[in-house]
Number of protein chains: 2
Amino acid sequence: MSKLWEAPPSRERPVLSVPVIARAAIELADQEGIDALSMQRVAAVLGFTKMALYRHVSDKAELLAVMVDVAVGEPPSLGAGDWRTRLESFLAALSAVWERHPWLPWVTLGDRMMGPREMAWVECALTALDDTGLSGVEKMDAVTLLFGHIRNTQSSGTAGTQPWAEDHQVREPYKELLERHGDRFPALSATLAGIGEAPGDFGRRFGLDCILDGLAVRIGRAASGA
Amino acid sequence: MSKLWEAPPSRERPVLSVPVIARAAIELADQEGIDALSMQRVAAVLGFTKMALYRHVSDKAELLAVMVDVAVGEPPSLGAGDWRTRLESFLAALSAVWERHPWLPWVTLGDRMMGPREMAWVECALTALDDTGLSGVEKMDAVTLLFGHIRNTQSSGTAGTQPWAEDHQVREPYKELLERHGDRFPALSATLAGIGEAPGDFGRRFGLDCILDGLAVRIGRAASGA
DNA sequence: ACACGCATGTGTCCGATGGATACTGTGTGT
DNA sequence: ACACACAGTATCCATCGGACACATGCGTGT
């Protein structure tokens, strides 16, 4: 008699577990941004009380750690080729994942431990630099540099110093502002006045080429005798 | 008779105003980190109720905007020299300010308007690239790239993919982890095993040199025709 | 067959956050 | 002398992460 009318005990309640929670949290963060992620919201999505989550996850930090490792997934296999093309294809894969989960690169910032999947990505990036003759520190720092650049040029949330939108159109408030105070910023005015059409990922491409060219210089130097 | 004993009307209550509030907030953020910054805390430091602040500042976002512009201060004057040395001295100044206010580069991330001082810094950076023959977009993107790199290699809060501390000593938990699972990450293990001494700012220096070399390639290309 | 124990989930409470709103007090201009 | 504008205060609210005490139900040992 317990189960009233023998009704299915609960539609829409997937049985709580760490992966289930993580997936729900990831979906929430993907759709509404990482700031909208609260224990309450995650629990609500799954149809539970927030405190139910704490049975499976010790605190929000742990939830985030799990989310990261689930969301990042497995690194790509780079195939053959020289270090540059292999790096390029690695970074394309990284971009794709970070585009799918825009919050991902930003929650991995502070002092923290990498998860196994995360380490696998770093491992993957390092292998691309295997036969370059770079030292250990240099390899790691190159990888860090590239990760950072991709994160910085992510569409989401890195306007930073850029007075234009994704399509390189100067944003309206800046236009107005420069009309009134343009004389105080001659170089900026001139620069913005002179920009034409540019693809959305021009900044990323430009920076990437700079960095890779710089790496090439060092790698060439390392190859042709210390 | 109102002012009891004609005592100075209030020691330790500097009369509220936007700059006073901003300075207090900056000091708080410098000392306890940006996460410790709340209206309550700022008000408490000054000896007022938190709501008193809202008479002078419309909300926390505006307080942050003011803090940024006050904290960033005036850009340096770069003196003479080629673009590279001028950029270097610009970036040194930027690093110094961001070192003094480690929260500064991180609160300027989302979509937002730059303040006048902030724009002056961008202006300053652009002038360093004045006679390089780079296009407008390229100049802006170069500046963005460099700002981003300095931010990424700031001591505070950018461990990210780096398994070592500031002195390039591999952090303890990673050592332990690689002892147990090192075989899953051969390249990473090898890389970390092989790192020796390196100055704290090696990563920043390395990345900076890469970027500047890459820029040099483009600038040389722009100069010699095309 | 029965009862106990543990895992899982619930309800309630706490301090802190950003912010709205209504109030009080005081200084100044007419 | 009086009214008004403004600076600061007192309350209130929803939301956050999290602690803790409780309910509930299933599996297992006897």
Side-chain angles (χ1 to χ4, degrees), chain A residues 1-22 24-26 28-29 31-68 103 106-107 110 112, chain B residues 1-25 28-29 31-68 103 106-107 110 112:
Chain A
M1 193 38 121
S2 63
K3 303 180 191 298
L4 194 54
W5 297 107
E6 289 305 326
S10 57
R11 260 327 70 191
E12 202 84 14
R13 302 229 332 187
V15 181
L16 238 34
S17 73
V18 175
V20 165
I21 295 174
I26 289 171
L28 212 174
Q31 289 171 0
E32 307 199 27
I34 195 65
D35 287 337
L37 187 92
S38 76
M39 302 306 266
Q40 311 240 29
R41 297 290 313 271
V42 176
V45 165
L46 295 167
F48 289 85
T49 336
K50 75 172 172 180
M51 291 317 289
L53 306 185
Y54 285 98
R55 286 287 164 194
H56 305 265
V57 150
S58 68
D59 55 9
K60 198 185 182 183
E62 186 172 304
L63 173 55
L64 273 173
V66 177
M67 287 174 64
V68 168
W103 47 272
W106 300 103
V107 300
R112 46 184 283 289
Chain B
M1 194 37 120
S2 62
K3 304 178 192 299
L4 194 55
W5 297 107
E6 290 303 328
S10 57
R11 263 322 74 188
E12 202 80 14
R13 302 227 335 185
V15 180
L16 239 33
S17 74
V18 175
V20 166
I21 294 174
R23 265 189 286 274
L28 211 174
Q31 288 171 0
E32 307 199 27
I34 196 64
D35 287 336
L37 187 91
S38 75
M39 302 304 270
Q40 310 240 33
R41 297 289 313 271
V42 176
V45 165
L46 295 167
F48 288 87
T49 340
K50 75 172 172 182
M51 291 317 289
L53 307 185
Y54 286 97
R55 285 283 161 197
H56 306 265
V57 152
S58 68
D59 55 9
K60 198 185 181 180
E62 185 172 304
L63 173 55
L64 273 173
V66 177
M67 286 172 65
V68 167
W103 46 273
W106 301 103
V107 300
R112 46 183 286 289

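Just so it is clear, the structure is predicted and the values come from calculations on it, not from any experiment. Naming: A, B, ... by sequence-line order, numbering from 1 per chain.
Residue A/His56 places at least one side-chain N or O closer than 4.0 Å to OP1 or OP2 of C/dG9.
Rounding to whole angstrom units, CD1 of residue A/Ile34 and P of D/dC16 are separated by 13 Å. The separation between A/Leu53 atom CG and D/dA19 atom P is 14 Å, rounded to whole Å. Atom CG in B/Asp35 sits roughly 17 Å away from atom P in D/dC16 (whole-Å rounding). What separates CZ of B/Phe48 from P of D/dA10 is a distance of 13 Å, to the nearest Å. Across the protein-nucleic acid pair, A/Ile21 atom CD1 and C/dT8 atom C1' stand 11 Å apart, rounded to whole Å. Rounded to whole Å, atom C1' of D/dA19 lies 12 Å from atom CZ of A/Arg55.
Taking each heavy atom of A/Ala52 and A/Leu16 in turn, the nearest pair found is CB-CD2, 3.8 Å. Across every non-hydrogen atom of A/Ala36 and A/Leu28, the tightest pair is O-CD2, 4.0 Å. In terms of heavy atoms, A/Val15 sits closest to A/Val20 at O-CG2, 3.9 Å.
Contact check for A/Lys60 versus A/Leu37: side-chain heavy atoms found under the 4.5 Å cut-off.
In this view, A/Ala65 satisfies the side chain to side chain contact (heavy atoms under 4.5 Å, CB included) rule with no residue, not counting sequence neighbours. By the salt bridge (charged side-chain N to carboxylate O under 4.0 Å, His left out) test, A/Arg41 is found to be paired with A/Glu32, residues two or more places apart in sequence or in another chain being considered.
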Where protein sits on nucleotides 15-20 of chain C, one letter per nucleotide: B base, S sugar-phosphate only, - none, heavy atoms under 4.0 Å:
--BBBB
